[in-house]
Peer 1: 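Have a look at the structure that comes next, please.
Just so it is clear, the model here is predicted, and its values are computed rather than measured. Side chains included, hydrogens not; waters and symmetry mates left out as well; all remaining heavy atoms used. Numbers here simply count residues along the sequence, with the first being 1.
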Amino acid sequence: MALSSVQITGTGQLLALSRQLRAVSGPPVQRNFSRRIRRAAEPLHRDMQDTIRTLPLAADGRRAGSRGGPSPTSRPFRATLAEAVRISVRASSSPGARVFVDKGRLPRDISAGVLYQLNDGRLRHPVFGNRSRWTNQRTPPMWWERTVREHTPRMQAEVARVLDDVARQLT
């Protein structure tokens, strides 16, 4: 399964409520709506970052006679990936919250494809940037989907509660 962004949406109901918000209410109600939708997605955001930071990466064994060495960068790999996970909340067209990996926050030498590989359970990369020597690192597959599945019922219930509260405020 491909790595995807997570979206909290109630499609028709959320879109209709968003239109009502723009037509009837002022900025305070819209800000409250956005803040509560963001709050519904924040536990998933934090858990996704924690999952990436603690993701076990097991390397294949070294060949006889091969040597190790210091990392060519001082940047922690998993922490860098975790910092690229973001939340986006929209209250206008296509309202809802989205938890996604911001490719712009990744360093140039780490492509977004790294997360797809990690989610598939295997990261293949050159040894310290040497493109003539490659290695594999393994991790439990499907960690992104598993983390999303754990949070989906709670997020759906919270969004339904927000929709009911805002609809009550508008009537």
Peer 1: How far apart are the C-alpha atoms of Gln137 and Arg122, what are their side-chain angles, what is the distance that settles it, and do they pass the side-chain contact (heavy atoms from CB on, under 4.5 Å) test?
Peer 2: CA-CA 6 Å; Gln137 287 184 286; Arg122 180 182 139 210; over 6 Å; no
Peer 1: Applying side-chain contact (heavy atoms from CB on, under 4.5 Å), can you list everything that pairs with Arg131, at least two apart in sequence or on another chain?
Peer 2: Pro126, Trp134
Peer 1: For Arg146, give me all partners under side-chain contact (heavy atoms from CB on, under 4.5 Å), at least two apart in sequence or on another chain.
Peer 2: Pro140, Trp143, Arg149, Glu150
Peer 1: Report the C-alpha distance between Thr135 and His125 in whole Å, list the side-chain angles of each, state the deciding distance to 0.1 Å, and finish with yes or no for side-chain contact (heavy atoms from CB on, under 4.5 Å).
Peer 2: CA-CA 6 Å; Thr135 188; His125 62 90; 3.4 Å; yes
Peer 1: What is the minimum heavy-atom distance between Ala40 and Val159, and which atoms define it?
Peer 2: CB-CG2, 4.5 Å
Peer 1: Distance-only, no hydrogens or angles: does the Arg38 side chain make a donor-acceptor pair with backbone N or O of Phe33 under 3.5 Å?
Peer 2: no
Peer 1: What's the separation between atom OG1 in Thr139 and atom CG in Asn119, rounded to the nearest 0.5 Å?
Peer 2: 9.0 Å
Peer 1: Quick one: list whatever passes side-chain contact (heavy atoms from CB on, under 4.5 Å) with Thr147, sequence neighbours left out.
Peer 2: Leu44, Asp47, Met48, Thr51, His151
Peer 1: List in chain and number order the residues that pass side-chain hydrogen bond (donor to acceptor under 3.5 Å, both in side chains) with Arg161, two or more places apart in sequence or in another chain; answer none if no residue qualifies.
Peer 2: Glu158
Peer 1: Hey, does Leu123 have a side-chain heavy atom less than 4.5 Å from the side chain of Asn136?
Peer 2: no
Peer 1: For a quick test of reading the model, state the closest non-hydrogen atom pair linking Val89 to Ile87 and the distance between them.
Peer 2: CG2-CG2, 4.0 Å
Peer 1: Show every donor-acceptor pair shorter than 3.5 Å between a side-chain atom in residues 76-86 and any protein atom, with sequence neighbours excluded, or say none if there are none.
Peer 2:
residue, atom, partner, partner atom, Å
Arg78, NH1, Leu55, O, 2.5
Thr80, OG1, Pro76, O, 2.7
Glu83, OE2, Arg53, NH2, 2.5

Peer 1: Measure the spacing between CE of Met155 and CD1 of Ile37 and express it to the nearest 0.5 Å.
Peer 2: 11.0 Å
Peer 1: Would Asp165 and Arg36 count as a side-chain contact (heavy atoms from CB on, under 4.5 Å) if you check the C-alpha gap in whole Å, the side-chain angles of each, and the deciding distance to 0.1 Å?
Peer 2: CA-CA 10 Å; Asp165 290 349; Arg36 290 187 63 194; 2.8 Å; yes
Peer 1: Sequence neighbours excluded, which residues qualify as side-chain contact (heavy atoms from CB on, under 4.5 Å) partners of Pro141?
Peer 2: none
Peer 1: Using the side-chain hydrogen bond (donor to acceptor under 3.5 Å, both in side chains) criterion, which residues pair with Ser132? Sequence neighbours excluded.
Peer 2: Asn130
Peer 1: Check Val148 against Thr152 and note the closest heavy-atom contact, atom names and distance.
Peer 2: O-OG1, 2.7 Å
Peer 1: Rounded to the nearest 0.5 Å, what separates atom CZ in Arg46 from atom CD in Gln49?
Peer 2: 9.5 Å
